[in-house]
Protein chains: 4
Amino acid sequence: MRSENRSTGQGPGEGKRRSFIEEARRAQIIDAAVETIAEFGYVDASLARIAQRADISKGVISYHFDGKDELLEQVVVQVYGAIAEEVGPKVRARGNGREALRTHILEVARHMQSHRARLLALTAIFAGARTRDGSPRYGQADNEPIYQGLESMFRRGQEEGEFRDFDVRVMAVTLQGALDSMFSYWVARPEYDMEDHARELAEMFDRATRASSR
Amino acid sequence: MRSENRSTGQGPGEGKRRSFIEEARRAQIIDAAVETIAEFGYVDASLARIAQRADISKGVISYHFDGKDELLEQVVVQVYGAIAEEVGPKVRARGNGREALRTHILEVARHMQSHRARLLALTAIFAGARTRDGSPRYGQADNEPIYQGLESMFRRGQEEGEFRDFDVRVMAVTLQGALDSMFSYWVARPEYDMEDHARELAEMFDRATRASSR
Amino acid sequence: MRSENRSTGQGPGEGKRRSFIEEARRAQIIDAAVETIAEFGYVDASLARIAQRADISKGVISYHFDGKDELLEQVVVQVYGAIAEEVGPKVRARGNGREALRTHILEVARHMQSHRARLLALTAIFAGARTRDGSPRYGQADNEPIYQGLESMFRRGQEEGEFRDFDVRVMAVTLQGALDSMFSYWVARPEYDMEDHARELAEMFDRATRASSR
Amino acid sequence: MRSENRSTGQGPGEGKRRSFIEEARRAQIIDAAVETIAEFGYVDASLARIAQRADISKGVISYHFDGKDELLEQVVVQVYGAIAEEVGPKVRARGNGREALRTHILEVARHMQSHRARLLALTAIFAGARTRDGSPRYGQADNEPIYQGLESMFRRGQEEGEFRDFDVRVMAVTLQGALDSMFSYWVARPEYDMEDHARELAEMFDRATRASSR
DNA sequence: TATGAATGAGCATTCATTCAT
DNA sequence: CATGAATGAATGCTCATTCAT
């Protein structure tokens with residue numbers, strides 16, 4: 001997405017290989033950014049606040065990242081990466097069909113529970129980040145990989161007769177929306193039992209997708 | 001939610017009776033705010049830009065509204081009001097149960113289609129607005145009326161045996177999430193057929209909610 | 001040179017008609033900029049310092065000017081305008097030839113003496129201002145009107161036989177350079193007698209230009 | 001001019017004897033500085049950019065030079081030295097009087113042509129560099145040696161009756177200004193024939209200086 | 001010798017808000 | 001009622017310099 005090399009910057013370039021300590025700093029800053037955005041939202045997550053939370057000077061962020069945009073992009077990359085890495089394999093292990101669908105829902109819920117701040121930051125960035133001309137910087141396009149993963153799951157279930165014949169794209173979008181709304185609801189109510197919610201969701205989507213019995 | 005009284009003595013207070021021209025100005029400004037937020041997002045919808053779109057001076061906004069916060073609150077109120085006024089009656093006219101659910105989905109989709117900017121502004125404000133201390137200014141709490149309307153619809157359907165015995169809160173949250181994701185998906189793809197999507201959604205939720213056929 | 005309208009700015013647009021008090025403020029700021037640049041040079045003439053000298057807040061400058069670039073451009077315009085307005089007519093009054101040349105030199109010197117800061121600022125801006133890509137923002141191109149004025153003076157003198165047959169462009173560039181170096185020399189030595197210098201210069205250029213006497 | 005000793009104990013001091021490799025590094029850095037300043041101007045010739053052009057790390061510059069100020073001073077010294085070394089002897093070889101003047105003009109032009117970047121850097125530094133208190137770091141004082149050289153040339157010509165009786169200081173300042181303006185004019189127009197210009201200049205100054213013919 | 005890392009001051013600019021007219 | 005003018009805080013960013021390794 002970003003492509004130009006830094007014209008004058010002092011820090012290491014973007015594609016450059018990075019030292020261990022460089023990577024550690026970047027990770028630390030990304031973490032601080034995640035927490036700050038999760039707590040204060042996109043608008044108020046200034047470099048000053050992020051630096052303060054990381055207990056470093058503002059300049060360090062500029063040194064290690066090309067700018068605020070690159071930092072936020074790395075946050076997005078990191079969060080997406082983590083979820084793909086954690087949830088993906090478990091779902092694929094289930095084979096396809098009804099069990100995979102149920103596993104996806106429950107595992108995503110579990111992931112949300114253990115990475116609350118990350119996902120909060122992700123949604124904040126998605127909602128808030130804009131390009132220079134005012135249009136959203138991130139958007140549905142970035143969900144495409146998720147949708148395609150879900151679709152292939154649905155499609156196989158349909159081919160094997162477990163699932164009825166529905167529009168897989170609509171189902172994917174809907175499932176993602178259902179999970180998002182579950183997360184938002186839980187975030188606002190820390191005592192809420194998200195696992196219970198996820199189990200209800202699994203039942204719902206099972207009914208919504210399965211082939212008409214006998 | 002807002003509590004402080006206006007700090008300066010100028011302009012009409014909040015609960016004050018308002019002249020006709022005063023109301024017209026407020027409506028004009030609210031409209032400009034809606035369009036600006038829809039186009040540029042929460043962060044970049046500065047009073048300057050809103051005033052520019054309304055073709056008035058920035059000071060006018062401060063005169064008619066207690067501040068940016070009140071303006072945004074009025075946007076929220078207006079958007080919520082419009083949807084309740086337009087969709088609510090049609091749904092209630094359907095009686096309850098399966099027909100009402102289907103109607104709700106299709107009518108919300110229709111409303112989204114004809115009020116794209118308003119809903120865009122609403123989601124932007126929800127995602128972006130924060131209180132002084134950093135916590136979200138709006139949130140799930142504001143969805144409560146919607147949830148309760150859906151719940152009562154679901155509960156009656158259950159009592160009358162049309163719907164199976166599911167958790168009505170989870171179903172309400174999920175339905176809302178499904179509609180939101182549909183809207184977002186359509187917003188990013190102007191050529192997308194949202195009505196088709198809505199019909200698929202209706203079918204899905206029908207299956208997810210109806211009493212097990214025998 | 002600048003053409004885009006301010007995208008969001010709060011102040012009056014560039015081509016707009018300006019109120020009296022608006023013009024007064026602009027003039028005041030331009031004056032402060034001139035003095036600041038004359039004293040501190042291009043680099044250190046920050047908006048903060050300029051505002052401080054004008055005894056206003058930094059924001060006022062941004063309000064009245066589109067940005068630092070526009071402010072500096074106005075400085076250039078103003079300084080060039082003043083010199084053209086003051087010196088031009090006096091020279092033209094002399095008819096052409098030897099008298100005009102002498103008058104030009106003496107009048108420019110007089111002008112330099114009474115507008116030291118302005119000319120200092122002008123040279124600083126010329127030397128320091130760069131475009132985004134690093135190339136000079138102002139340059140010889142901006143001297144073109146001056147050169148052409150001198151050239152037409154020389155050319156008429158040649159036609160009338162007062163001046164010998166020299167390259168008018170070289171003579172124009174040289175005369176301008178001679179005046180510039182006189183100014184710089186004087187600036188560094190406040191007690192230096194610039195009028196004397198100017199008279200010597202007039203003698204020199206008279207000899208350098210006049211038709212060989214016989 | 002510089003007086004403070006280096007603040008930290010690292011790196012070689014200013015008057016210290018320097019190893020061969022140390023000198024090589026300094027020369028390399030000075031060259032990079034010259035090119036960078038010539039291209040980007042004084043303001044934008046940051047240490048980062050200079051280091052980048054020299055393909056070394058920024059720290060190296062700080063190691064070999066006491067700070068940016070010393071680096072720029074060395075640039076000035078080097079450029080001045082080169083011109084004195086190259087032009088001076090040729091002029092002196094001419095004896096004095098009219099031939100020496102002509103030779104000076106033509107040789108300076110030749111030198112400018114082959115050291116465009118150096119002279120560009122020099123003028124940029126002269127115009128841009130300031131001391132802590134805002135006053136110019138370099139100035140007319142630094143031209144003093146040049147003026148004195150020219151003056152002694154003129155004076156001898158006067159004594160021998162070749163030159164008329166003019167103010168030698170004014171003539172020196174004017175000649176230097178004429179050469180500077182020639183350079184600037186050429187810099188902005190790469191295709192311009194500077195040698196031609198120089199020949200015209202020689203003719204002009206010959207006429208301006210020579211004793212009235214019989 | 002050389003480097004990468006870090007700092008903190010300073011920069012131009014944008015913003016919501018206030019206020020006299 | 002409406003405006004234009006002004007404010008001062010905050011933002012992202014660049015820079016010369018320092019310093020441990």
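Keep in mind it's a predicted model, so treat the numbers as computed, not measured.
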Would you say C:Ser46 reaches E:dG10's phosphate, i.e. side-chain N/O to OP1/OP2 under 4.0 Å? no
As a test of understanding, state which of C:Glu22, C:Gln74, C:Arg26, C:Glu70 forms a side-chain hydrogen bond (donor to acceptor under 3.5 Å, both in side chains) with C:His64. C:Glu22
Give a yes-or-no answer on whether the side chains of C:Gln28 and C:Arg25 include a donor-acceptor pair shorter than 3.5 Å. yes
Could you check whether A:Ser57 gets within reach of a base, just the sugar-phosphate, or nothing at all, counting any heavy atom under 4.0 Å? base
Please compare B:Val43 and A:Val60 by the position of their nearest nucleotide in DNA chain E and report the one closer to 5'. A:Val60
Report yes if a side-chain nitrogen or oxygen of A:His64 is closer than 4.0 Å to either non-bridging phosphate oxygen (OP1 or OP2) of E:dG4; otherwise report no. no
Under 3.5 Å, is there any donor-acceptor pair linking the side chain of C:Lys58 to the base of F:dT7? no
Using heavy-atom distances to pick each residue's nearest nucleotide on DNA chain E, tell me which of B:Asp44 and A:Gly59 is more 5'. A:Gly59
Whole angstrom value for the distance that separates C1' of F:dC1 from CZ of B:Phe65: 14 Å
What's the CD1-P distance between B:Ile61 and E:dT17, to the nearest Å? 10 Å
CZ of D:Arg49 to CD of D:Glu39, rounded to nearest 0.5 Å, is 8.5 Å
Ignoring backbone atoms, test whether A:Tyr63 places a side-chain nitrogen or oxygen under 4.0 Å from the OP1 or OP2 oxygen of E:dA5. yes
End axis versus end axis in the helix from E:dA2-F:dT21 to E:dT21-F:dA2, the angle rounded to 10°, five pairs used at each terminus: 10°
Touch class at under 4.0 angstrom, heavy-atom based, for B:Ile21 against every strand present: sugar-phosphate
N/O (side chain, A:Arg25) to phosphate O (OP1/OP2, E:dA5) under 4.0 Å: no
